[in-house]
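Encoded as structure tokens, the structure appears first; notes follow it.
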2 protein chains.
Amino acid sequence: MTTVEKPGSAARAVEQLRNAMINGELAPGTRLSETSLTGPLKVSRNTLREAFSTLIEEGLLVRQPHRGVFVASLSPAQIADIYRVRVLLECSALSQAPTDPPRAAGLRTAVDDAGRAASAGDWRAVGTANMHFHEQIVALAGSPRLDSWMRQLTAELRLAFVAAPDPEALHRPFVAMNDAITSTYEAGDANRAADMLRDYLLTSERVVLGNLP
Amino acid sequence: MTTVEKPGSAARAVEQLRNAMINGELAPGTRLSETSLTGPLKVSRNTLREAFSTLIEEGLLVRQPHRGVFVASLSPAQIADIYRVRVLLECSALSQAPTDPPRAAGLRTAVDDAGRAASAGDWRAVGTANMHFHEQIVALAGSPRLDSWMRQLTAELRLAFVAAPDPEALHRPFVAMNDAITSTYEAGDANRAADMLRDYLLTSERVVLGNLP
DNA sequence: TAACCGCAGATTGTTCAACAACTCTTGTGT
DNA sequence: ACACAAGAGTTGTTGAACAATCTGCGGTTA
């Protein structure tokens, strides 16, 4: 007996808002008026506020009391903090992970997805696949909690991506690196793969900070 | 001009519920009926639901759709996961932290608080001080995000504490270890302190798992 | 002119009442 | 004993209302 996963109005509103932010339709800093969103989303103000609450907890929205909720915009310091945490989580997960084919499969499919999207020139899809790749790295640790936190990190980072003027420069360089890291891990040298990943992340941080508006 | 931090009804309800859970007045597994809580908390159902949302995101409550919200009860697997993450976060933060007196001060005050509470026989306060000690360890990393996550971990762990039959056995052994770890860190040997901390945590995990109801 | 003040107008925070959708229990029939 | 339908109770969602707070505009004063 499989649970049917009925969405529910609030969950649907959360999903729509999250997608709108990730797709760049809601730029960081945008103010989300309660009354003017009840129409398009077809939900009541109370339900909308509940949706806001969960997105605020996820860090995608920010509430300024009595002024409204805004799409979060990451400061350089916050981005640096995210990368500090990423280095910690991802390198630990990768270096301590035993090398076994089933676990490597998740990495490989993410790498392939990124390659296909890059060939098609769809840089937003490349970004999505890249983030999925890093989520798979953390998944090597086998901790549901770390998985959840990592998803939150990637979601917030995408807010910085959509604000960037040059998506190709942001995602192009890392497709090959993903491949190299995965190959090294598949070859059994997890520690060397973790070292490559650390350099990767420091480079990525510079690129992202350099692409801020 | 300092912001006055007006609580707001929702935030006040969150605070009351959280305290009630940490103090053991709401045992894990308890069902929280919406209608029967609007009275004591003096808030409307909608506001109460907003409070539930934040506590659910914090992991202290669990929602079963159309059935209600329940005080979270940690399974042994979840506790093991929490400790896996704690080892990762705390040991990393401690080993990579430079030794300087202002940072050590936070640790030392938490240790002293625990010692005083232990002398007074107030084991719940000892547990609180212990958790504060570990939050201070993570604070050595200087990452607001890790601080936030660590607070969440300690809050959830307290749910396991209140369900334990013997609080003294749960907290007594670790006061001295806190002191030893802090002294080692103050002496400049952060790596050795991190090793001690790892053993500490593995011991603590066994104690907590052994004290499950 | 420029700075300050106060007053509408709009928006958020919170409450209340109602109804739909769903779950659990109870009682009935076979 | 088992299946099933009716009922009661709870959650999910909506809409309207009011208080508290912020914003922007216009007027006053130096």
Side-chain angles (χ1 to χ4, degrees), chain A residues 1-21 25-73, chain B residues 1-21 25-73:
Chain A
M1 172 167 104
T2 62
T3 37
V4 194
E5 286 289 341
K6 296 234 303 193
S9 269
R12 221 177 319 145
V14 168
E15 204 61 27
Q16 292 193 41
L17 287 175
R18 198 186 347 238
N19 287 340
M21 285 187 281
E25 299 159 19
L26 274 72
T30 306
R31 190 175 111 93
L32 298 185
S33 161
E34 296 186 353
T35 57
S36 64
L37 275 183
T38 52
L41 292 182
K42 309 267 222 173
V43 296
S44 169
R45 252 188 80 204
N46 287 324
T47 305
L48 183 61
R49 281 175 68 83
E50 230 181 280
F52 280 169
S53 289
T54 79
L55 289 169
I56 287 170
E57 291 292 327
E58 292 179 15
L60 297 180
L61 295 180
V62 175
R63 155 162 285 144
Q64 296 185 356
H66 288 282
R67 306 205 10 146
V69 301
F70 301 80
V71 180
S73 77
Chain B
M1 171 169 92
T2 61
T3 37
V4 192
E5 284 291 339
K6 296 233 303 189
S9 270
R12 221 177 318 144
V14 168
E15 205 61 27
Q16 292 195 40
L17 287 175
R18 199 186 347 238
N19 287 340
M21 286 186 280
E25 299 159 18
L26 270 61
T30 307
R31 176 160 171 273
L32 298 185
S33 161
E34 297 185 352
T35 57
S36 63
L37 274 183
T38 52
L41 293 182
K42 308 268 220 173
V43 295
S44 168
R45 255 186 80 205
N46 289 330
T47 305
L48 183 62
R49 282 174 65 83
E50 228 179 283
F52 281 169
S53 289
T54 80
L55 288 169
I56 287 170
E57 288 293 325
E58 292 180 15
L60 296 180
L61 296 180
V62 175
R63 156 162 284 143
Q64 295 186 354
H66 287 280
R67 304 203 10 137
V69 301
F70 301 81
V71 180
S73 77

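Reminder, nothing fancy here: chain letters follow the sequence lines and each chain counts from 1. Fair warning: this is a prediction, and the values are worked out from it, not measured in the lab.
You'll find the side chain of V43(A) stays beyond 4.5 Å of the side chain of R12(A), heavy atoms only. Looking only at side-chain heavy atoms (C-beta outward), N19(A) and Q16(A) stay at 4.5 Å or farther from each other.
The side chain of T47(B) places an N or O atom within less than 4.0 Å of a non-bridging phosphate oxygen (OP1 or OP2) of dT15(C). At dT12(C), one or more side-chain N or O atoms of R31(A) fall inside 4.0 Å of OP1 or OP2 (strictly under the cut-off). Residue S9(B) places none of its side-chain N or O atoms closer than 4.0 Å to OP1 or OP2 of dG13(C).
Within 4.0 Å (heavy atoms only), R12(B) reaches no atom of the nucleic acid at all.
Taking the side chain of A10(B) as heavy atoms from C-beta on, and the options dT23(C), dT12(C), dT14(C), the nearest nucleotide is dT14(C). Closest to the side chain of N46(B), from the set dT11(D), dT12(C), dT13(D), is dT13(D).
Rounded to whole Å, the distance from CD1 on I56(A) to C1' on dT12(C) is 12 Å. Atom CZ of F70(A) and atom P of dT11(C) are 13 Å apart (whole Å). For L48(A) and dT13(D), the CG to P distance is 13 Å, given to the nearest whole Å. If you measure from atom CZ of R63(B) to atom P of dT23(C), you get 14 Å, rounded to the nearest angstrom. Regarding Q64(B), its CD atom lies at a distance of 14 Å from the C1' atom of dC22(C), rounded to whole Å. dT21(D) atom P lies 16 Å from atom CD of E34(A), rounded to whole Å. The nearest whole Å value for the distance from the NZ atom in K42(B) to the P atom in dC16(C) is 11 Å. Computed from coordinates, the L37(A) CG to dG15(D) P distance equals 15 Å when rounded to whole Å.
Judged by distance alone, with hydrogens and angles left aside, the side-chain atoms of S53(B) form a donor-acceptor pair with the main-chain N or O of R49(B) at under 3.5 Å.
One distance of note links CG of L41(A) with CG of L17(A); it measures 5.0 Å at 0.5 Å rounding.
Each of E50(A) and H66(A) lies near DNA chain D, and the nucleotide nearest E50(A) is the one positioned closer to the 5' end.
In this model, a side-chain donor or acceptor of R45(B) finds a partner on the base of dG12(D) within 3.5 Å.
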Steps toward side chain to side chain contact (heavy atoms under 4.5 Å, CB included) verdict (V71(A), L61(A))
CA-CA 5 Å; V71(A) 180; L61(A) 295 180; 4.2 Å; yes
